Amino acid sequence: MIIFYLIQVLAEGLELYLIPHSHCDSGWLETFDKYYELKVKNILRNVVTLLEEDENRRFSWSEISFLKVWMENEDKKITNKFNELVAKGRIEIVGGEYVQNDEANTDFDMIIRQIELGHQFLHKEFGIERVKTGWQIDIFGHSALTPGIYSRFGYEFLVITRINEVFRSQLRETRGMEFIWKGVDFGSSESIFTHVLYDFYYAPLLLRTEFIGPCFGRPKHLEADIRECVAMLCSMCKDWSQGYRNKKIMMVYGGDFFYDNITEARILFERIEQLVDWQRDSGLYKQLKIKFATPSEYFEDIKKSNKKYPVYTGDFFPYQSYRLNIPAYWTGYYSTRPSLKQLINKAHRLARAAEIAKALIHGEEFAAYNASLALHHDAITGASKPWVAEDYEIRLESDCEKAYQAICETISSVFAKTKSSFSLALPYKVLILYNSINWDKTDLITIDSGVQHLEIKNWRGESIESQYISNHDKTAYVIYLKLTLPALSFVTLFITEHATSCKLCSTPFILKENGSIISDQYYSIEFDSHGYAKSIKNSHKKYELIQEFWSYPADRAGAYLFEPTSEGNPISDLNLESFEIWQGSVANIVEVKWKRIKEKNTNYDHYYKKIILYREKRFIWKYGLYAAENKEILVRFKSKDIAASDWFYTSNSGDLRIRKYLNSKEYSDKYNTKTKKPLIPEEKGENMYPVPGGFAINMGKEAFKIFPKFSLGVGIVSHTSFEILMHRNAPLDDSLGLGEGVDDKTFTDYILWLN
């Protein structure tokens with residue numbers, strides 16, 4: 001009795017806001033459709049039933065992709081009741097995006113697209129003008145894009161979970177688990193009030209049905225069980241309150257696909273109601289107020305306290321948790337399944353083109369549902385089962401086809417009404433090009449052709465210079481041309497194929513017989529005898545830039561982690577097969593091919609590199625490669641000309657972030673952060689970062705900037721070296737939920753733009 005009384009005094013004045021929710025992944029261990037059929041439709045039905053039973057019950061829902069399917073297919077009587085509960089505020093729509101998107105591999109264009117899809121549905125279905133609470137509770141690290149974008153969309157609050165666990169402990173110790181997060185500045189002061197969940201997005205073990213304890217240990221609650229449960233809950237709330245600056249505690253009450261079983265779901269609500277009833281009848285522990293709530297109810301109440309909160313201006317990469325009480329860095333997923341990441345990027349670029357075409361010409365919208373679905377944090381990260389990844393690919397190809405169709409239909413409707421001001425030789429083909437950004441852009445265009453003699457005219461009837469390179473059998477050709485596209489435009493090229501050469505036809509590139517340097521008026525790149533770059537020179541200076549292919553063993557990593565067990569080695573079984581320099585008036589090109597002698601893939605045994613200088617201040621650097629079994633494949637660069645400090649910057653597509661080289665020799669114990677233990681060097685992935693917007697290397701007075709076509713992981717190796725994590729074959733399970741590794745044998749093509 002004395003112990004219980006002391007706990008009551010310690011917990012005096014606390015309010016516990018229990019937030020019932022169900023985290024429903026839009027594909028992970030099962031496909032989106034299977035999750036919907038097996039789990040989600042039952043969860044939403046159960047929520048309606050359970051909330052109708054008691055007006056004090058609340059629920060929060062975030063997955064709009066699932067909600068859209070359910071509202072379109074469920075019985076109208078049930079969906080009307082759901083709508084009424086939303087209108088009354090008893091069900092709160094949190095997040096409001098189409099999915100809870102990954103924040104490492106996505107750029108702001110992708111994120112905005114999928115948020116808009118979610119918000120458009122909510123406005124149409126429920127009349128919701130603005131979502132108040134962001135809900136990113138299962139994201140593997142958080143980008144500074146998030147507060148910037150969310151504040152622009154009108155969100156007031158944000159709930160997150162997965163941050164560096166050592167930093168979480170520091171926030172707890174300083175009552176800093178709530179703060180004002182200032183992110184990317186889009187022209188005004190973007191910030192959002194952010195709440196970090198105390199532990200995880202699951203209910204604490206004490207309040208889980210599988211835990212044999214006083215709260216859920218028996219089919220029927222005895223008074224002694226209730227008393228002990230309340231006492232333990234009081235103690236827990238007392239501990240949790242030390243991490244925040246007010247006496248109000250938000251505690252999520254759910255987890256992955258919770259509330260799908262109506263019997264268990266009812267128990268979850270009823271047991272808490274028994275605690276509240278017992279408090280009222282007994283008069284004990286009445287200073288701890290327990291109630292079901294929505295996140296907005298919690299946030300509106302703490303706004304009234306007028307507390308001052310710290311300001312945070314960073315991001316939360318890399319995310320570090322613990323595995324077997326040893327730090328585990330979630331940095332492998334930045335490059336897991338690169339071909340899937342590439343396809344997602346393609347789908348979003350095509351969606352952008354379709355949006356522009358339909359909006360400018362017909363004033364209509366284009367909805368890329370599957371491309372948005374693929375931004376889910378278990379999709380674009382590559383951290384899903386193989387058949388789930390395949391399902392995403394099928395969906396993405398469908399969106400690509402719909403985008404192509406929308407563009408063609410829209411442009412064709414314009415052609416039908418337009419008369420040409422010049423004549424064309426028949427037959428001819430029409431190539432449609434588009435520029436999705438709002439400034440003029442000069443690009444190198446490539447066309448795959450079975451004929452080398454092409455005559456190309458632009459939309460004004462002017463001839464365009466083009467050149468070609470043939471394959472060794474002279475059965476296929478790549479045609480190169482350079483073109484400036486007006487801002488936000490669709491333009492047409494008219495192509496006539498000729499059997500023989502003509503005055504205005506494509507001309508061949510000239511193969512340079514000898515040499516190890518490719519150059520134009522802006523750059524000169526030198527190669528060694530193995531075909532690797534060794535230096536780059538511009539008008540100001542010659543910089544050392546030594547490139548090599550690098551490999552780490554992946555025998556401790558899986559889909560999520562980058563955890564090399566050694567320092568790795570240069571890939572030694574690459575034999576130079578060909579090195580060709582092609583010179584022309586359109587561009588100068590170097591093509592290098594290597595053959596892997598030992599670590600062959602079932603279908604591939606070659607790597608390639610192609611560098612294209614096309615007389616602009618940026619140039620193109622391409623790779624094609626695969627990962628042999630149990631290997632991490634990287635491209636590493638070394639340079640003695642890198643600046644001595646502040647030299648590595650990454651872009652989230654909104655701003656640049658300086659990254660410092662870390663070389664930790666010890667780590668904080670998971671259960672006692674003040675206790676330090678020696679860190680084995682091979683167990684670090686702390687220097688790897690995502691680059692959805694590219695990265696920059698400070699070379700002193702100039703910066704070397706690299707922009708991958710799709711996001712990858714980039715790491716600092718030392719003070720004079722960095723590397724790009726290109727491909728991964730990590731077949732072992734890293735024990736973080738997926739249940740298996742990633743046996744990825746795809747050959748992937750990469751495009752990087754450099755200046």
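The structure displayed is predicted, hence computed values, not measured ones.
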CD/Glu53: more than 12 non-hydrogen atoms of other groups inside 6.0 Å: yes

His142 side chain reached by Asp315 side chain, heavy atoms, under 4.5 Å: no

Min side-chain heavy-atom separation Tyr333-Asn105 under 4.5 Å: yes

Side-chain heavy atoms of Pro295 within contact of His195, under 4.5 Å: no

NZ/NE/NH1/NH2 to OD/OE distance under 4.0 Å, Lys247 and Glu15: no

Tyr309 and Phe179 aromatic centres sub-6.0 Å: no

Phe153 six-ring face occupied by Arg130 cation (under 6.0 Å, within 45°): no

Pair Glu190 + Arg152, salt bridge at N-O below 4.0 Å: yes

The single option from Tyr17, Phe59, Tyr298, Phe269 passing ring-ring contact (aromatic ring centres under 6.0 Å, His included) against Phe292: Phe269

Under-4.0 Å salt bridge between Asp225 and Arg271: no

Ion pair check, Arg323 and Asp734, cut-off under 4.0 Å: no

Residues Glu178 and Asn246: side-chain donor-acceptor under 3.5 angstrom: yes

SB check Lys34 Glu37 (cutoff 4.0 Å): no

Non-hydrogen side-chain atoms of Val99 and Leu373 separated by less than 4.5 Å: yes

Tyr259 and Asn42: side chain donor to acceptor below 3.5 Å: no

Phe193 and Tyr155 aromatic centres sub-6.0 Å: no

Other residues, nucleotides, ligands: >12 heavy atoms within 6.0 Å of Lys39 NZ: no

Exercise: do Arg172 and Gln242 side chains pair donor with acceptor under 3.5 Å: no

Side chains of residues 80-88: which donor-acceptor partners sit under 3.5 Å, not counting sequence neighbours?
residue: Asn80; atom: ND2; partner: Lys76; partner atom: O; Å: 3.1
residue: Asn83; atom: ND2; partner: Glu125; partner atom: O; Å: 3.2

Check ion pair Glu92-Lys132 (N to O, under 4.0 angstrom): no

Pair Arg556 + Glu563: basic N to acidic O under 4.0 Å: yes

Mutual orientation of the aromatic rings belonging to Phe66 and Phe32 [parallel < 30°, tilted 30-60°, perpendicular > 60°]: parallel

Exercise: do Glu63 and Gln100 side chains pair donor with acceptor under 3.5 Å: yes

Beyond-backbone contact of Phe216 with Glu210, side-chain heavy atoms, under 4.5 angstrom: no

Shortest non-hydrogen contact between Tyr285 and Cys234, atoms and distance: CD2-SG, 3.7 Å

Glu223, CD atom: more than 12 neighbouring heavy atoms under 6.0 Å: no

Ring centre gap for Phe140 and Tyr319 strictly below 6.0 Å: no

Between Trp61 and Ser22: side-chain donor-acceptor atoms closer than 3.5 Å: no

Over-ring placement of Lys307 relative to Tyr244, 6.0 Å and 45° cut-offs: no

Ion pair check, Lys385 and Glu30, cut-off under 4.0 Å: no

Check: His23 ring centre within less than 6.0 Å of His377 ring centre: yes

Between Thr294 and Ser60, a side-chain donor and acceptor under 3.5 Å: no

Between Glu103 and Thr146, a side-chain donor and acceptor under 3.5 Å: yes

Heavy-atom closest contact (Thr31 atom, Val388 atom, distance): N-CG2, 3.7 Å

